[in-house]
Visitor: 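This is the structure I have questions about; it appears just below.
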Amino acid sequence: MIIVSEDEDESDSSPLLFLRQPVHDSVLNINHDYRYLRMGYYVSAHAETYGVEVTPDCTEIMDAYRNPLLIEKARRYGLPTNGYRLVTKPKDDLSTPVMLLAVNPFTNNSMKIVKSGSKLPGMIKKMSMDSRFPVSLHPVSGEVLEIIQMFGESTNDETSEFTRRFFEIFNIPICKLIVQMDDGDVILNHCEPAMKKEVKWDIVHEKVREIKQSI
């Protein structure tokens with residue numbers, strides 16, 4: 001297995017070097033950002049062109065980073081969600097408080113919580129880029145948390161079992177998850193890139209060593 005990572009401590013290859021070489025072994029792609037057409041995505045796509053197994057693969061990346069796909073897959077595997085609605089324009093039957101997430105290839109870390117109904121139309125117009133792209137609306141019923149998931153480990157102890165399950169389902173080594181805590185339940189709303197400084201790299205290193213020893 002080739003460990004490809006922007007973090008040199010546990011890496012066999014940097015992403016830029018990896019993209020310039022043929023690939024003959026399976027690949028573990030460790031990156032804080034796997035969004036479409038970003039470096040993490042290119043590494044997985046490059047591995048797939050050579051027909052080798054790669055974690056995560058491009059389908060897994062798209063499933064996690066497109067909000068409707070994320071929620072539908074989570075539902076299919078029994079991970080708690082509280083539903084969503086896609087809109088491009090304000091509707092009369094929309095209620096607040098609500099979490100808004102842009103669904104387009106250009107916007108990152110877009111989550112907004114709107115508590116006032118009077119502000120909702122303007123925010124939808126802005127996030128939809130004047131109705132060009134859908135916005136995913138999620139009801140807000142609990143405490144909203146942003147947590148970092150690293151190979152199933154969490155930066156929040158209350159969500160450790162949830163992030164373990166998330167990693168089993170989605171196979172994304174590192175990401176930021178937006179969740180709600182509601183009566184002790186962890187509810188999934190969104191997955192997006194973690195900032196590099198938010199990642200606990202000591203946990204990542206430990207997990208990579210465990211993987212190497214198991215090969």
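The structure displayed is predicted, hence computed values, not measured ones.
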Visitor: Is it true that Tyr42 and His46 have ring centroids separated by less than 6.0 Å?
Guide: no
Visitor: Look up atom NZ in Lys126 and atom NZ in Lys112, then write down how far apart they are to the nearest 0.5 Å.
Guide: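 Reported to 0.5 Å precision, the distance equals 6.0 Å.
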Visitor: So which heavy atom on Val186 is nearest to which on Pro80, and how close?
Guide: O-CB, 3.4 Å
Visitor: Any Lys/Arg nitrogen of Glu72 or Arg76 sitting under 4.0 Å from an Asp/Glu carboxylate oxygen of the other?
Guide: no
Visitor: Rounded to the nearest 0.5 Å, what separates atom NZ in Lys115 from atom OG1 in Thr96?
Guide: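 Answer for the NZ-OG1 pair, Lys115 versus Thr96, is 10.5 Å.
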Visitor: Would Arg164 and Glu168 count as a salt bridge (Lys or Arg N to Asp or Glu O under 4.0 Å) if you check the C-alpha gap in whole Å, the side-chain angles of each, and the deciding distance to 0.1 Å?
Guide: CA-CA 6 Å; Arg164 182 193 65 78; Glu168 288 179 352; 2.4 Å; yes
Visitor: State the CZ-OG1 distance between Arg165 and Thr159, to the nearest 0.5 angstrom.
Guide: 15.5 Å
Visitor: Step by step, work out the side-chain contact (heavy atoms from CB on, under 4.5 Å) result for Leu100 and Leu120.
Guide: CA-CA 9 Å; Leu100 276 63; Leu120 192 55; 3.8 Å; yes
Visitor: When rounded to the nearest 0.5 angstrom, what distance separates CE in Met150 from SG in Cys175?
Guide: 9.5 Å
Visitor: Is there side-chain contact between Val54 and Val43, with heavy atoms separated by less than 4.5 Å?
Guide: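 No. Closest side-chain heavy atoms not under 4.5 Å.
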Visitor: Indicate yes or no: at least one non-hydrogen side-chain atom of Tyr34 is less than 4.5 angstrom from one of Pro193.
Guide: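 Counting from C-beta outward, Tyr34 and Pro193 never come under 4.5 Å.
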Visitor: Where do Glu53 and Val27 land on the side-chain contact (heavy atoms from CB on, under 4.5 Å) test, with the steps shown first?
Guide: CA-CA 6 Å; Glu53 182 179 353; Val27 175; over 6 Å; no
Visitor: Between the side chain of Gln149 and the main-chain N/O of Ile172, is any donor-acceptor distance below 3.5 Å?
Guide: yes
Visitor: Using modelled atom types and a 3.5 Å cut-off, is there a donor and acceptor pairing between side-chain atoms of Ser14 and backbone atoms of Leu17?
Guide: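 The answer is yes, because a donor-acceptor pair under 3.5 Å joins these two groups.
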Visitor: Nearest 0.5 Å, please: how far is OG1 in Thr81 from CG in Leu70?
Guide: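 Separation between the atoms: 9.0 Å.
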Visitor: Test salt bridge (Lys or Arg N to Asp or Glu O under 4.0 Å) on Asp33 and Arg35 and set out the steps.
Guide: CA-CA 6 Å; Asp33 186 349; Arg35 282 175 297 158; 2.7 Å; yes
Visitor: Could you tell me whether a side-chain N or O of Asn67 sits under 3.5 Å from a main-chain N or O of Val103, the two making a donor and an acceptor?
Guide: no
Visitor: Hey, which of Val52, Leu28, Thr55 is the one that makes side chain to side chain contact (heavy atoms under 4.5 Å, CB included) with Met1?
Guide: Leu28
Visitor: Under the 3.5 angstrom rule, does the side chain of Ser131 hit a backbone N or O of Thr88 as a donor-acceptor pair?
Guide: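 Yes.
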Visitor: Does Lys73, at its NZ atom, have more than 12 non-hydrogen atoms belonging to other residues, nucleotides or ligands within less than 6.0 Å?
Guide: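 Enclosed: over 12 neighbouring heavy atoms sit under 6.0 Å from NZ of Lys73.
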